[in-house]
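All values below come from the heavy atoms of this structure, side chains included, with hydrogens, waters and symmetry mates left out. All residue numbers refer to positions in the sequence shown, counting from 1.
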Amino acid sequence: DEESSDIISPLNGCLIASHYNISFLTMNTFTKTLTKTSTLRDILLALSYATEFETISVDRDDIPKLSKLEKLLPLKYLDDKRINIVSYKVFILLQAYFSRLSLSVEFKNSLQTILGKVEPLINGMVDILSGEGYLNATTAMDLSQMLIQAVWDIDIPLKQVPFFTNDILDKCKDLKVETVYDIMALNDDDRETIMTMDEQKLVKLANFINNYQNIEMDYTLDNKSFKSNQSIVAHITLRKDDEPETLSVTSECYPYEKTEKWWIVVGDSSKRELYAIKKATLSAETQQYDIPFELTEVGKHDITIWCVC
């Protein structure tokens, strides 16, 4: 009969919460606060309110200590820090981590706890924003990269290289070394001048450089013009220099194991709209993906395809 044929399907938020083991209260916060115009600060603030951080210890003198740190950081906490002390602590300590500031033992322990919980929460934010068609899902992706390499999204690329101190970065600047590929191209004398570190660190540095891949992306569409609401398929090919030896991420600062992952995003930056997203693990030298999407508005569209780590 008609009543017995009804099918109950979970909402997208329920699927995301189940997949990443995110609490209902946290999902409620994310879905209510994340919008099409959310900035990095907005996303970081929403993240700090996750109930998963409620176990973080709070001391009576945390607020003055955190306020002192806040003066050194780019993003300010505008909510009531005394009422929302845990949120304030997460918001400040994550920024201190991105800025690589020196922290007390107590704050280091709290940061360790935060870093152990934050990755699935950020992944959930990416899925929430992309599920709504918001292109600032790529900002949450940037936050994921910031988390693993302990850098800001505006920092120079070389800062993510393990054990590259400010002194080493200054030497790189003098030699006009700006990217990891420039390091690979150095002669032996210049390389020895830059890499002044012990053997154990050199091994980890070598692993990072050897696994650092150049990604080339090609795409084709079946036609050059399409009808509105018609399914369009982008045939995307991603190529690495060679097949990776490992997908494990090398990071000087992130204290947990991490497997390399990518997102392929199709969108229109002028409209801040995301049309399609695909998670990818680039385990082979060449991989191909067919990504369908639709355009609802008639007219000319400026579509971009990104590959984001």
Test ring pair (Phe, Tyr, Trp, His ring centres under 6.0 Å) applied to F91 - qualifying residues, sequence neighbours left out: Y77
Would one find more than 12 heavy atoms of other residues, nucleotides or ligands at under 6.0 Å from atom CG of D290? yes
pair T281-E260: side-chain heavy atoms closer than 4.5 Å: no
Given D268 and S270, is the side-chain hydrogen bond (donor to acceptor under 3.5 Å, both in side chains) satisfied, shown in steps? CA-CA 6 Å; D268 186 335; S270 64; 2.6 Å; yes
Residue K76 excluded, over 12 heavy atoms near NZ under 6.0 Å: yes
Per the side chain to side chain contact (heavy atoms under 4.5 Å, CB included) rule, which among L40, L45, T39 passes with D42? T39
For E52, run the side chain to side chain contact (heavy atoms under 4.5 Å, CB included) check against T113, T26, V90 and tell me which one passes. T26
Can you list the steps and then say if E70 with K81 is a salt bridge (charged side-chain N to carboxylate O under 4.0 Å, His left out)? CA-CA 12 Å; E70 185 176 17; K81 62 186 71 172; 3.5 Å; yes
Is the distance between the ring centroids of Y212 and Y181 under 6.0 Å? yes
Counting heavy atoms not belonging to R191, are there more than 12 under 6.0 Å from its CZ? yes
Does S248 form a side-chain hydrogen bond (donor to acceptor under 3.5 Å, both in side chains) with K258? I'd like the steps, not just the answer. CA-CA 6 Å; S248 296; K258 177 71 171 65; over 6 Å; no
Beyond-backbone contact of K159 with Q149, side-chain heavy atoms, under 4.5 angstrom: no
Main-chain N/O of T179 paired with D182 side-chain donor or acceptor, under 3.5 Å: yes
